[in-house]
Colleague: 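Shown below is the structure under consideration.
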Amino acid sequence: MIGNPESCKESKKSYQELGPARSSSEFGVDGLCESGQNPGSGGNVGREVDIMKETAAQQRIRQCAEYARSLACLPSVGDIDWQHWQPTVHAVLCYISNRQTDEVLLIKRLSAYAHGLISGPGGKLENGESLEQCVVRECCEEIAVEPHNFCLRADLFFHFTNGVRMRGYAYFTDEWSGEPQSSEEAIPFWCKRDRLPLHQMWDDDALWLPYVLQGGRVRGYFIFDDDNRMLSHDIVWLPAETREF
Ligand SMILES: Nc1nc2c([nH]c(=O)n2[C@H]2C[C@H](O)[C@@H](COP(=O)(O)OP(=O)(O)OP(=O)(O)O)O2)c(=O)[nH]1
């Protein structure tokens, strides 16, 4: 699960020399970080004063370098035995398309988890519920829309470094009833299919969503850290006519 232990030790060592790790909440929205300057120079002596003197651009470069070094120790999807991997959580997503306007119905999430992120409506499977029932319930609860004749086009395996393992099922349709309405959980909006706000969506969406919205199917494997940042991925592209995953 972990890369080369020696290089890992090395990079951990040099990482520690830099002082305490910064949480990724200190990184900018695009997942990059905000400080610069050669991290090897100067050690920890007078470090706080040095940081005060850094320009924003220098800070950004330095933190990016720290982050890049730390990557050597992070898990990769290739290290996981996916055949025996069991999800702890099942969740659905639903993407409703309007063919006439070439738009897709998205939501801005308002709940604590992933607040402000944009995605299709969806949520976790409840006890005794089928995936299809979950799709309808989540869409009705979140945006007062009922999708019809939806089909599964993305089978997503999310492994989080905190131990959570979520299997996500993304459904697609162009049939629905009801007018989208805001709720406590979401603000719905129509978005042109070729203008997805990918920088405001989960990292993995940029990899597979445009392809699936064009009719393709995917099976995707992802590792995320505690801050919802994607560390590693692998995507199996399946032709549109694929019936089973
Ligand atoms: N596209 C995409 N969806 C994701 C990712 N990670 C992730 O949790 N989701 C989806 C799966 C679920 O549909 C939703 C999270 O479910 P949730 O149940 O915690 O959402 P919620 O806060 O609305 O809670 P609830 O309504 O189920 O109680 O977000 C991701 O990386 N990409």
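Computed from heavy atoms alone, side chains included, the values below leave out hydrogens, waters and symmetry copies. Remember, it's 1-based here, ligands and their atoms both numbered in the order they're listed.
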Colleague: Could you grab the distance from atom OG1 of Thr161 to atom CG of Asp227, nearest 0.5 Å is fine?
Modeller: 8.5 Å

Colleague: Got a second to check how far Asp204's CG is from Phe222's CZ, nearest 0.5 Å?
Modeller: 4.5 Å

Colleague: May I have all residue pairs that pass salt bridge (charged side-chain N to carboxylate O under 4.0 Å, His left out) and include part of residues 175-195, sequence neighbours excluded?
Modeller: Asp102-Arg193

Colleague: Before you tell me yes or no, could you show the steps for Asp81 and Trp85 under side-chain hydrogen bond (donor to acceptor under 3.5 Å, both in side chains), namely the whole-Å CA-CA distance, both residues' side-chain angles and the distance that decides it to 0.1 Å?
Modeller: CA-CA 6 Å; Asp81 175 4; Trp85 180 92; over 6 Å; no

Colleague: With side-chain hydrogen bond (donor to acceptor under 3.5 Å, both in side chains) as the criterion, how do Ser177 and His148 come out once you've worked through the C-alpha distance, each side chain's angles and the decisive distance to 0.1 Å?
Modeller: CA-CA 8 Å; Ser177 51; His148 305 288; 2.8 Å; yes

Colleague: One line per pair, note the atom names and distance for all nitrogen or oxygen contacts under 3.5 Å between ligand 1 and the protein.
Modeller:
{"residue": "ligand 1", "atom": "1 (N)", "partner": "Asp205", "partner atom": "OD1", "Å": "2.9"}
{"residue": "ligand 1", "atom": "1 (N)", "partner": "Asp205", "partner atom": "OD2", "Å": "3.1"}
{"residue": "ligand 1", "atom": "8 (O)", "partner": "Tyr113", "partner atom": "OH", "Å": "2.8"}
{"residue": "ligand 1", "atom": "13 (O)", "partner": "Val92", "partner atom": "O", "Å": "2.7"}
{"residue": "ligand 1", "atom": "13 (O)", "partner": "Gly123", "partner atom": "N", "Å": "3.1"}
{"residue": "ligand 1", "atom": "18 (O)", "partner": "Lys124", "partner atom": "N", "Å": "3.1"}
{"residue": "ligand 1", "atom": "18 (O)", "partner": "Lys124", "partner atom": "NZ", "Å": "3.0"}
{"residue": "ligand 1", "atom": "19 (O)", "partner": "Lys124", "partner atom": "NZ", "Å": "2.9"}
{"residue": "ligand 1", "atom": "22 (O)", "partner": "Ser111", "partner atom": "OG", "Å": "2.8"}
{"residue": "ligand 1", "atom": "23 (O)", "partner": "Arg109", "partner atom": "NH1", "Å": "3.3"}
{"residue": "ligand 1", "atom": "23 (O)", "partner": "Glu142", "partner atom": "OE2", "Å": "3.4"}
{"residue": "ligand 1", "atom": "26 (O)", "partner": "Glu185", "partner atom": "OE1", "Å": "3.0"}
{"residue": "ligand 1", "atom": "27 (O)", "partner": "Lys124", "partner atom": "N", "Å": "3.1"}
{"residue": "ligand 1", "atom": "27 (O)", "partner": "Glu138", "partner atom": "OE2", "Å": "3.4"}
{"residue": "ligand 1", "atom": "31 (O)", "partner": "Asp204", "partner atom": "OD1", "Å": "2.4"}
{"residue": "ligand 1", "atom": "32 (N)", "partner": "Asp204", "partner atom": "OD1", "Å": "3.2"}
{"residue": "ligand 1", "atom": "32 (N)", "partner": "Asp204", "partner atom": "OD2", "Å": "3.2"}
{"residue": "ligand 1", "atom": "32 (N)", "partner": "Asp205", "partner atom": "OD1", "Å": "3.0"}

Colleague: Please check if any side-chain donor atom of Tyr169 sits under 3.5 Å from a side-chain acceptor atom of His90, or the reverse.
Modeller: yes

